[in-house]
Amino acid sequence: MTRRPVITIDGPAGAGKGTLARRLADHFGLPHLDTGLLYRAVGLKAEKTGRSPVEIAAGLEPSDLADPELRTDGAGQAASKVAVIQEVRANLLDFQRKFAAQAAGAVLDGRDTGTIICPDAQVKLFVTASVEARAERRYRELRAKGVDTIKPRVLAEMAERDRRDSERAAAPLKAAPDAYHLDTSDMDADAAFAAALAFIERKGFRSSGP
Ligand code: DC
């Protein structure tokens, strides 16, 4: 591979973007940024300290990204709430654009990486799945971690987050016009990876690895 691509992956919670992003980054040897983690860090710190999310976003520190609580559903909801604030988004923009501009190329996953962060990315994927399929996956993950919950609650929280992320005025979740759509409702992680890889290879990008 001579050119180093920027690959963006957007879509709703639970569609499989994170797993796909990590696998593609690994396959192509590209640095990966989970942009949702930035919003999670802002949301969680704002909840814990009572400080303004706008201020927190302006001075996010590496240690903020290491909190084990960032992966919880509570942090996901907190992230979705601060993500509607335009100034929060503006304060996180520079970091994300710089990450995407590195010579090594990059994989970014989130909600607006193909539309706002990297409108010129060579490869854009929009990964979706039905809300039922996403809630079912999330429910199984939570149960496997020993979290006591019920399916209707997981489904309702997911639908609420979808609505907030898609209906907000600032950079709502939507597919870029040139994004490749991948519906993973009936796919496992291997099938989603194979479909994404086939699309990327059709664009002329190949792994330089063995
Ligand atoms: O991908 P995730 O579940 O970690 O994202 C958590 C929340 O952060 C999501 O509900 C909306 C927000 N987010 C965003 O607004 N823009 C992004 N690029 C990534 C996440």
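Counting convention: from 1, in listed order, for ligands and their atoms alike.
Side chains of Asp26 and His32: no donor on one and acceptor on the other come within 3.5 Å.
Contact annotation: Gln77 has no heavy atom less than 4.0 Å from any atom of ligand 1. The closest approach between Arg164 and ligand 1 stays at or above 4.0 Å for every heavy atom of the residue.
Exactly one residue among Val123, Leu108, Ile117 makes a side chain to side chain contact (heavy atoms under 4.5 Å, CB included) with Val6. That residue is Leu108.
In terms of protein heavy atoms, atom 19 (C) of ligand 1 is closest to Thr35 OG1, 3.4 Å. Looking from atom 4 (O) of ligand 1 to the surrounding protein, the closest heavy atom is Arg40 NE, 2.6 Å. For atom 1 (O) of ligand 1, the closest non-hydrogen atom of the protein is Arg111 NH1, 2.9 Å. Regarding atom 8 (O) of ligand 1, its nearest protein heavy-atom neighbour is Tyr39 CB, 3.5 Å. Nearest non-hydrogen protein atom to atom 12 (C) of ligand 1 is Ala83 CB, 3.7 Å.
Which parts of ligand 1 touch Gly36 is read off a 4.0 Å heavy-atom cut-off, strictly below it: atoms 4 (O), 5 (O), 19 (C), 20 (C). Atoms of ligand 1 lying under 4.0 Å from at least one heavy atom of Ala79, given by number and element, are 6 (C), 7 (C), 8 (O). Those atoms of ligand 1 that come under 4.0 Å of a heavy atom in Gly110, given as number and element, are 18 (N), 19 (C).
Using modelled atom types, one side-chain atom of Asp10 and one backbone atom of Gly114 make a donor-acceptor pair closer than 3.5 Å. Although no hydrogens or angles enter the test, the distance criterion places no donor-acceptor pair under 3.5 Å between the side chain of Arg40 and the main chain of Ala79.
Nearest to atom 16 (N) of ligand 1 by heavy-atom distance, out of Met158, Lys17, Arg89, Gln96, is Arg89.
Contacts between Asp112 and ligand 1 below 4.0 angstrom, taking non-hydrogen atoms only, involve backbone and side chain alike. When heavy-atom distances to ligand 1 are checked against a 4.0 Å cut-off, Arg161 comes that close only through its side chain, counted from C-beta outward.
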